[in-house]
Each structure stands twice: as structure tokens, then as C-alpha cells.
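As the structure is a prediction and not an experimental result, all values here were calculated from the model. These numbers come from the heavy atoms of this one structure, side chains and all, not from hydrogens, waters or symmetry mates.
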Amino acid sequence: MAAAEDKKEQAAPQTKNHRMLQVSILRYNPADPESVPHLQTYSVSETDSMTLYILLNELRDTQDPSLQFDFVCRAGICGSCAMLVNGKPTLACRCLTRDLPEHFTLAPLPGFELIGDLSVNTGKWMRGMSERIQSWCHLNDEEVNLSKIETPMDPHLAEDIYLLDRCVECGCCVASCGNFRMRPDFVGAVAINKISRFRLDPRDHRNDADYYEILGTESGVFGCMSLLACHDFCPKDLPLKTQIAFMRRKMAEQGIMGKEEPTLKRVIPLRELKLD
């Protein structure tokens, strides 16, 4: 009988004790003249496989509908939910609460325009950066023929381009960059990675002299102090330190030896592309 009771107890499901989390969130609404920055602490019961995205939605649904934060895809693809978790930039949808202590702090990404609470306007900065470095394919063609079959690309080269093209522009690399905090005009690792991506692309007819005009300054690749927090905190594990070192070497070669002359090819802005 004793053996049977022991087996019965072992077969019974074990009840898991969930933690009661204490979440301190930096609250501030710049659109409200009476709002002042302050920390507000909430208590939330942890659930299995809970992410910060799930936690924040539960907070907004059950405790505070005024809480502001961003999300779209919930799968680490859009980059909208980036924020500081205990002072470190990360994506809320990919951060499991089980990896955090019972009491932790959430804050918006620094360096970007604050919309409210945890919501920042990364899109405005990213668009300005993209226009500044001209992050699109520069072609020789006077007109773009969208019905033309593209020239086949070597699979290994396509994989190398895809690796760098996985950037979701979440802003984690920018928010973690000490140089960006001191020099707001610094283009950041996200821009250097984009230029490195287009340098690989055979469809882009620019050369190193053209890229030097964009990156060969203190606000470009030579402004990087090699702290490499961008590499440490990239949620997509992009090889940012490798690209920074590679582009710095290529831009130094161009600046010292003047290996290539700038091309005089016509730049085709995106708005000129005809889709009909």
C-alpha cells in the first residue's frame, strides 16, 4: 500500500510557484505640461514563458491603460519594442521574465525623441540616417525596369548580404553607443552596417571613394571609439564589430592612398521609381 501511495504522489502534477514581480517603469509624457519623469512600480504575477511584451500588455489591460509602449510583430522582427531593461537595451518580445530578478526597471531608449513612457520615435532618426548615407542601391540606369529579370547572384554572396540585411533598426546599437551620447551626429553602427551591406551588393555601382564621402569623417567610421557595446547588445547578433573594423580599414586606405575616384553616376532617389 505504501508503494502504491508513493507512485500516486509521484504521478500527481507538481504545482509551480510563480513569482510576484515588481516592475518599476519610468513614466513621462512630454505632451503633458504637468507630467514629470518618475518611476512607477507595478506588481505582476509571473506566468510560464512570460515575456516583457506579455507583461506590459497585461499591465495595460488590467492595471494602467495609460501606459505607453510600442509593439508590432511580437517576434523580434520589427524592432518596435526595444527598451532599457535594468539599463541594458533589448527587445521586450524576446526578453523572458524568468531571466530577470523579481524587481527590475524599464526605461525608454536614450538618444531618440520620446513619445511617452517607453515609446520613442526611432523611425524619425532611422529615416534621417538612411537619407544621410543614401542607403539604397545606386544604379547607372536612367530608368528602372522593374519587369527585367535580375542577374543571378552567387549564393554565398547573397548569404553574406542577407546576414547584414537582417538589421531591424530597433535602435539598441545606437542607445548603447557611448560615442553617440557625446556626439549626436555620429551615424552609429547601424549606418556602418548598411554601407557595408551595399558595398557587397554588385547592383550598387558606388565605389570606396563614394563611401568615403559618407563615412570618412569623425561623425562616420573614424568617430567610433571601439567600445563595441553595439555588438554586445544587438538582438539579431549581427557582426557589427567586424563590419566597423572592415569599413574603417577600407576608408583609411581610400583616404591615405586615394585608390579610387568618386563615380559620377546619377543617383536615383526612391521617389523616382515608377511602379506601374
Using a 4.5 Å cut-off on heavy atoms from C-beta on, say whether the side chain of [Y] contacts that of [X].
{"X": "Pro89", "Y": "Val174", "answer": "no"}
{"X": "Tyr28", "Y": "Leu114", "answer": "yes"}
{"X": "Pro235", "Y": "Thr90", "answer": "no"}
{"X": "Met182", "Y": "Met225", "answer": "yes"}
{"X": "Phe69", "Y": "Pro108", "answer": "no"}
{"X": "Trp125", "Y": "Glu113", "answer": "no"}
{"X": "Leu56", "Y": "Ile25", "answer": "yes"}
{"X": "Arg166", "Y": "Asp237", "answer": "no"}

>> With a 4.0 Å cut-off on N to O distance, would you call Arg98 and Glu46 a salt bridge?
In response: no

> Is the shortest side-chain N to carboxylate O distance from Arg60 to Asp64 below 4.0 Å?
Replying inline: no

Are [X] and [Y] grouped together when hydrophobic residues (ILVMFWY) are joined by side-chain heavy atoms under 4.5 angstrom apart?
{"X": "Phe180", "Y": "Ile195", "result": "yes"}
{"X": "Leu164", "Y": "Leu157", "result": "yes"}
{"X": "Met247", "Y": "Leu200", "result": "no"}
{"X": "Leu96", "Y": "Val23", "result": "no"}
{"X": "Leu215", "Y": "Phe198", "result": "yes"}

> Where do Ser226 and Arg248 land on the side chain to side chain donor-acceptor pair (under 3.5 Å) test, with the steps shown first?
Replying inline: CA-CA 11 Å; Ser226 300; Arg248 178 184 287 155; 3.2 Å; yes

> Do the two ring centres, one from Phe71 and one from Tyr53, sit under 6.0 Å apart?
Replying inline: yes

Side-chain donor or acceptor of [X] paired with backbone N/O of [Y] under 3.5 Å:
{"X": "Asp61", "Y": "Glu58", "result": "no"}
{"X": "Ser130", "Y": "Met126", "result": "yes"}
{"X": "Glu260", "Y": "Asp208", "result": "yes"}
{"X": "His103", "Y": "Pro101", "result": "no"}
{"X": "Asn86", "Y": "Phe104", "result": "no"}
{"X": "Thr97", "Y": "Met50", "result": "yes"}
{"X": "Arg206", "Y": "Pro262", "result": "no"}

Is the number of heavy atoms from other residues, nucleotides or ligands within 6.0 Å of [atom1] ([X]) greater than 12?
{"X": "Lys236", "atom1": "NZ", "answer": "yes"}
{"X": "His38", "atom1": "NE2", "answer": "yes"}
{"X": "Arg132", "atom1": "CZ", "answer": "yes"}

> Going through the distances and angles, do Arg127 and Glu169 end up as a salt bridge (Lys or Arg N to Asp or Glu O under 4.0 Å)?
Replying inline: CA-CA 10 Å; Arg127 181 185 178 105; Glu169 298 186 353; over 6 Å; no

Is a donor from one side chain sitting under 3.5 angstrom from an acceptor on the other, for [X] and [Y]?
{"X": "Ser43", "Y": "Gln22", "answer": "yes"}
{"X": "Gln40", "Y": "Tyr42", "answer": "yes"}
{"X": "Arg181", "Y": "Ser176", "answer": "no"}
{"X": "Ser24", "Y": "Thr105", "answer": "no"}
{"X": "His18", "Y": "Asp48", "answer": "yes"}
{"X": "Ser66", "Y": "Arg27", "answer": "yes"}

On a heavy-atom basis, which atom in [X] and which in [Y] lie closest, and how many Å separate them?
{"X": "Arg183", "Y": "Ser219", "answer": "CD-CA, 4.2 Å"}
{"X": "Met129", "Y": "Ala191", "answer": "SD-CB, 3.6 Å"}
{"X": "Gly76", "Y": "Leu91", "answer": "CA-CD1, 3.9 Å"}
{"X": "Ile133", "Y": "Ile214", "answer": "O-CD1, 3.3 Å"}
{"X": "Val120", "Y": "Phe112", "answer": "CB-CB, 4.0 Å"}
{"X": "Ser196", "Y": "Phe246", "answer": "OG-CD2, 4.4 Å"}

Let me confirm one number: the [atom1]-[atom2] distance from [X] to [Y], rounded to the nearest 0.5 Å.
{"X": "Tyr211", "Y": "Lys250", "atom1": "OH", "atom2": "NZ", "result": "13.0 Å"}
{"X": "Ile161", "Y": "Arg197", "atom1": "CD1", "atom2": "CZ", "result": "5.5 Å"}
{"X": "Leu118", "Y": "Met83", "atom1": "CG", "atom2": "CE", "result": "4.5 Å"}
{"X": "Asp201", "Y": "Arg199", "atom1": "CG", "atom2": "CZ", "result": "12.5 Å"}
{"X": "Leu52", "Y": "Leu100", "atom1": "CG", "atom2": "CG", "result": "5.5 Å"}
{"X": "Leu109", "Y": "Thr122", "atom1": "CG", "atom2": "OG1", "result": "7.5 Å"}

> Does the pair Cys93 and Cys81 meet the rule for a side-chain contact (heavy atoms from CB on, under 4.5 Å), with working shown?
Replying inline: CA-CA 7 Å; Cys93 66; Cys81 62; 3.6 Å; yes

> Checking side-chain contact (heavy atoms from CB on, under 4.5 Å) for the pair Asp210/Asn207: CA distance, chi angles, key distance, verdict?
Replying inline: CA-CA 5 Å; Asp210 299 310; Asn207 59 25; 3.0 Å; yes

>> Holding to side-chain contact (heavy atoms from CB on, under 4.5 Å), I want the full list of residues that pass it with Glu102, two or more places apart in sequence or in another chain.
In response: Arg19

> Going through the checks in order, is the side-chain contact (heavy atoms from CB on, under 4.5 Å) test met by Asn179 and Leu227?
Replying inline: CA-CA 8 Å; Asn179 191 46; Leu227 300 176; 5.8 Å; no

> If you group Ile, Leu, Val, Met, Phe, Trp and Tyr whenever their side-chain heavy atoms sit less than 4.5 Å apart, what else falls in with Leu240?
Replying inline: Leu238

